[in-house]
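As structure tokens, the structure follows; a few thoughts come after it.
Computed from a prediction, not measured in an experiment: that's the story for all the values here. Here is the naming used below: chain letters follow the sequence lines, and residue numbers restart at 1 for every chain.
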2 protein chains.
Amino acid sequence: MFSKACEYGIRATIYIASQSRKERRVGIKEIAAFIDSPAPFTAKILQQLVKNRIIDSVKGPNGGFEIPKDRIFQICITDIVRAIDGNEIFSSCVLGLDNCSEAMPCPVHAEFRSIRAELKSLMDNTCVATLSEDLVKGKSFLKV
Amino acid sequence: MFSKACEYGIRATIYIASQSRKERRVGIKEIAAFIDSPAPFTAKILQQLVKNRIIDSVKGPNGGFEIPKDRIFQICITDIVRAIDGNEIFSSCVLGLDNCSEAMPCPVHAEFRSIRAELKSLMDNTCVATLSEDLVKGKSFLKV
DNA sequence: AATAAAAAGGATAAAAAGGTCTAAAAATCT
DNA sequence: AGATTTTTAGACCTTTTTATCCTTTTTATT
Ligand code: FES
Ligand code: FES
């Protein structure tokens with residue numbers, strides 16, 4: 001469904017959010033350890049998220065990654081996925097045709113139409129605040 | 001969502017089904033041309049489908065690929081996906097955790113639970129007969 | 001029996017995804 | 001100012017996916 005990079009990106013963002021709620025900035029090593037991902041690769045992905053204004057970074061001692069509190073409520077899964085995997089999952093044909101359209105639909109187009117819309121709406125409406133809340137409460141996990 | 005191999009596999013199966021309805025056996029070159037896929041790669045994928053008893057193959061002159069008529073109504077998308085991509089899409093964690101379970105759910109587990117069930121049921125209930133019907137009627141397409 | 005047509009099998013190549021490493025840049029602290 | 005900590009940037013490596021090619025096997029036809 002998502003690329004590995006995107007999976008790590010979502011997990012990292014949720015962890016950063018959970019710590020930003022407590023006014024804690026976190027470094028790449030801590031993030032990678034907590035979400036159980038390869039640190040250098042994860043660093044690359046976080047750079048993309050910084051460029052896309054999903055998360056903020058601060059260099060130097062006591063630096064790290066953080067998300068301003070208000071933005072935690074604004075960032076949805078869609079934003080993260082778009083920043084890393086692009087728009088493909090939402091717009092491209094399930095069977096790999098060059099264009100997905102009502103005019104030249106593939107055989108499964110109609111069948112997948114509503115489920116894709118639901119997926120989109122789910123991802124649009126699920127914000128990082130909600131996701132990090134369960135994590136803080138110990139009701140959800142980011143590794144194993 | 002699916003691998004390229006799986007996309008080609010589904011498209012090829014639908015085309016073979018559309019021709020088997022007319023008692024026509026089709027060769028790899030014809031299939032690849034019709035679904036606009038690389039022929040040698042598609043041939044490899046069809047071998048997997050033969051091994052998994054999704055389609056039948058006949059060697060020698062006038063040979064090719066076909067699907068017994070009754071089986072056209074039994075094969076669902078799930079069968080093809082399982083044969084090529086395996087069970088991952090149905091059972092593995094959306095965020096890439098080692099196990100997807102209710103006991104140790106990732107932060108998006110609950111959100112994705114119902115949509116994944118819907119996806120599964122959709123794929124279970126969509127048979128190749130239905131998909132090839134639209135194609136025969138010119139209502140759906142397998143390339144461009 | 002010989003020939004030709006078609007899939008099956010195996011070896012190889014190219015491209016993309018996934019992952020590592022090191023040096024540079026920026027910021028803080030002493 | 002210098003040392004230290006941390007992100008950033010880019011080059012590099014490895015594995016997996018995608019794709020090609022050539023040989024072998026099977027089967028129908030002549
Ligand atoms: S054309 Fe295939 S999903 Fe729309
Ligand atoms: S644990 Fe992540 S989807 Fe179930």
Side-chain angles (χ1 to χ4, degrees), chain A residues 1-13 15-16 19-20 24-33 35-67 81 83-86 88-89 92 95-96, chain B residues 1-13 15-16 19-20 24-33 35-67 81 83-86 88-89 92 95-96:
Chain A
M1 175 143 234
F2 303 129
S3 68
K4 226 82 187 80
C6 195
E7 290 175 359
Y8 295 146
I10 297 170
R11 277 153 64 187
T13 304
Y15 179 62
I16 295 166
Q19 298 305 301
S20 289
R24 276 197 73 224
R25 204 177 271 163
V26 285
I28 180 62
K29 284 197 292 278
E30 179 182 337
I31 296 170
I35 73 172
D36 196 22
S37 69
F41 188 45
T42 308
K44 281 266 143 70
I45 298 157
L46 294 189
Q47 286 175 33
Q48 279 185 265
L49 294 178
V50 170
K51 276 188 198 124
N52 283 272
R53 323 248 163 188
I54 311 268
I55 62 179
D56 288 348
S57 70
V58 178
K59 286 181 179 181
N62 296 315
F65 299 90
E66 65 187 357
I67 309 178
V81 172
I84 301 173
D85 280 352
E88 251 189 52
I89 193 173
S92 71
L95 295 190
Chain B
M1 173 145 234
F2 303 129
S3 68
K4 226 79 187 83
C6 195
E7 289 175 359
Y8 295 147
I10 297 171
R11 276 152 66 187
T13 304
Y15 179 62
I16 295 166
Q19 298 304 303
S20 287
R24 276 197 72 222
R25 203 177 271 164
V26 286
I28 180 61
K29 283 197 293 280
E30 178 181 337
I31 296 170
I35 72 172
D36 195 22
S37 70
F41 187 48
T42 308
K44 284 273 180 310
I45 298 158
L46 294 189
Q47 285 176 33
Q48 278 184 265
L49 294 178
V50 170
K51 275 187 198 125
N52 283 273
R53 322 250 164 186
I54 312 269
I55 62 178
D56 288 348
S57 70
V58 178
K59 285 185 179 178
N62 296 314
F65 299 91
E66 65 187 358
I67 309 177
V81 172
I84 301 173
D85 281 353
E88 253 189 51
I89 194 172
S92 70
L95 295 189

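- Residue pairs meeting the side chain to side chain donor-acceptor pair (under 3.5 Å) criterion with at least one partner in residues 43-64 of chain B, sequence neighbours excluded, are B:Asp56-B:Arg71.
- Closest of all the heavy-atom pairs between B:Arg11 and B:Asp36 is NH2-O, 3.6 Å.
- Side-chain contact between A:Ile10 and A:Val81: present, with at least one pair of heavy atoms (C-beta onward) separated by less than 4.5 Å.
- Atom pair B:Arg24:CZ and C:dA6:P shows a separation of 12 Å (rounding to whole Å applied).
- As a whole-Å value, the separation of A:Lys29 NZ from D:dT8 P is 14 Å.
- Rounded to a whole Å, the CD1 atom of B:Ile45 is 15 Å from the P atom of C:dG9.
- Residues satisfying the side chain to side chain donor-acceptor pair (under 3.5 Å) test with B:Thr13, not counting sequence neighbours, are none.
- With sequence neighbours excluded, no residue forms a ring-ring contact (aromatic ring centres under 6.0 Å, His included) with B:Phe65.
- Put simply, CD1 on A:Ile28 is 15 Å from C1' on D:dT5, counting in whole angstrom units.
- For the segment residues 46-60 of chain B, the set of residues with a heavy atom within less than 4.0 Å of an atom of DNA chain D comprises B:Lys59, B:Gly60, in numerical order.
- Separating the CZ atom of B:Phe65 from the P atom of C:dA6 is a distance of 12 Å, rounded to the nearest angstrom.
- The two residues A:Glu66 and A:Ser20 have their closest heavy-atom pair at CA-OG, 3.5 Å.
- Contacts of A:Ser3 classified as side chain to side chain donor-acceptor pair (under 3.5 Å), with partners at least two apart in sequence or in another chain: A:Asp85.
- For B:Lys4, the NZ atom sits in a packed shell: over 12 heavy atoms of surrounding residues, nucleotides or ligands are nearer than 6.0 Å.
- Applying the side chain to side chain donor-acceptor pair (under 3.5 Å) test to A:Tyr15 and every residue at least two apart in sequence or in another chain returns A:Glu30.
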Output a table of nitrogen or oxygen pairs between the protein and nucleotides 1-4 of chain D separated by less than 3.5 Å.
none

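- Distance CD (B:Glu30) to P (C:dA5): 16 Å, rounded to an integer number of Å.
- Shortest non-hydrogen contact noted between A:Leu95 and B:Glu7 is O-CB, 3.5 Å.
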Reading 5' to 3' through nucleotides 10-21 of chain D, protein heavy-atom contacts under 4.0 Å coded B for base, S for sugar-phosphate only, - for none: BB------SBB-
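- For A:Thr42, the side chain to side chain donor-acceptor pair (under 3.5 Å) criterion is met by A:Ser37, not counting sequence neighbours.
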